[in-house]
Amino acid sequence: MDSNVLLDVLTDDENWFGWSAAALSRCAEEGALAINPLIYAEVSVGFDAVEDLEAALSPEIFHRVPLPWEAAFLSGKAFLKYRRGKGSRASPLPDFYIGAHAAVSGFRLLTRDASRYRTYFPTLELVAP
């Protein structure tokens, strides 16, 4: 899943909480919820203590998956394409890594930022608004 969905739920985002909470619940009913170290790091900025983050991202609910080397290569290529296409700096490399990880692992990606993932990872199955 993308960090933005988790952050919407954890911060009670006024615009996206409803959609993100419902989508997260649906995905949890359908299978395991997976996060990687990048997602963990992005979500961690809202917490003062690792214990609080661990409670919010319980390993019993959020399966921790390592980042595959193939995803590193694919994310670099997608990011290069983005930058050569005059992409702004608003899309950091970790976002591409999250998409590449889902793509090479055969995961569906829960996100509310579908346009970037559809552009750079067209075969990736998305759960998005």
Side-chain angles (χ1 to χ4, degrees):
M1 80 184 50
D2 201 351
S3 307
N4 57 24
V5 173
L6 285 171
L7 290 169
D8 291 344
V9 174
L10 294 171
T11 65
D12 291 325
D13 183 271
E14 65 183 58
N15 296 317
W16 286 103
F17 176 84
W19 182 87
S20 292
L24 187 61
S25 179
R26 260 191 331 275
C27 287
E29 290 173 6
E30 296 170 3
L33 300 175
I35 62 171
N36 65 35
L38 293 170
I39 295 162
Y40 189 93
E42 288 181 336
V43 173
S44 76
V45 299
F47 293 85
D48 292 327
V50 71
E51 295 81 8
D52 296 334
L53 177 60
E54 284 291 312
L57 297 179
S58 169
E60 290 82 34
I61 298 170
F62 298 97
H63 180 68
R64 314 290 173 90
V65 292
L67 293 164
W69 290 99
E70 296 85 359
F73 181 82
L74 181 58
S75 66
K77 295 303 174 195
F79 188 70
L80 180 61
K81 181 179 176 184
Y82 165 77
R83 292 308 307 257
R84 284 185 175 159
K86 306 296 184 210
S88 71
R89 295 199 185 266
S91 294
L93 182 56
D95 290 345
F96 290 91
Y97 211 148
I98 290 166
H101 183 191
V104 303
S105 298
F107 297 155
R108 290 184 310 159
L109 181 62
L110 173 59
T111 184
R112 61 175 170 76
D113 187 17
S115 62
R116 175 183 5 208
Y117 293 114
R118 285 189 180 119
T119 299
Y120 295 98
F121 307 101
T123 62
L124 182 58
E125 183 182 351
L126 300 176
V127 177

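All of these numbers come straight from a predicted model, not from anything done at the bench.
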Provide the closest heavy-atom pair for Ala71 versus Ala100 in the form atom of the first, atom of the second, distance.
O-CB, 3.4 Å

Which atom names give the shortest non-hydrogen contact between Phe96 and Ala78, and what distance separates them?
CD2-CB, 3.7 Å

Could you pull out the closest heavy-atom pair between Ala34 and Val65, with the gap in Å?
CB-CG2, 4.1 Å

Between Asp13 (side chain only) and Trp16 (backbone N and O only), is there a donor and an acceptor less than 3.5 Å apart?
yes

Tell me whether Ser25 contacts the main-chain N or O of Ala21 through its side chain, where contact means a donor paired with an acceptor under 3.5 Å.
no

For Phe17, I'd like to know if atom CZ has over 12 heavy atoms of other residues, nucleotides or ligands within 6.0 Å.
yes

Taking only residues two or more places apart in sequence or in another chain, which ones pass salt bridge (Lys or Arg N to Asp or Glu O under 4.0 Å) with Arg64?
Glu54

Donor-acceptor contact present, side-chain Ser105 to main-chain Phe107, <3.5 Å:
no

Measure from the side-chain N and O atoms of His101 to the backbone N and O of Ser75, and report whether any donor-acceptor pair falls under 3.5 Å.
no

For a quick test of reading the model, state the closest non-hydrogen atom pair linking Leu124 to Ala103 and the distance between them.
CD1-N, 3.7 Å

Knowing that exactly one of Asp8, Asn4, Asn15 qualifies, which makes a side chain to side chain donor-acceptor pair (under 3.5 Å) with Arg112?
Asp8

Which pair of heavy atoms, one from Ile98 and one from Tyr117, lies closest together, and at what distance?
CG2-OH, 4.0 Å

Nearest atoms (heavy-atom pairs only) where Glu42 meets Asp95:
OE2-OD1, 3.8 Å

Considering residues, nucleotides and ligands other than Glu14, do more than 12 of their heavy atoms fall under 6.0 Å from its CD?
no

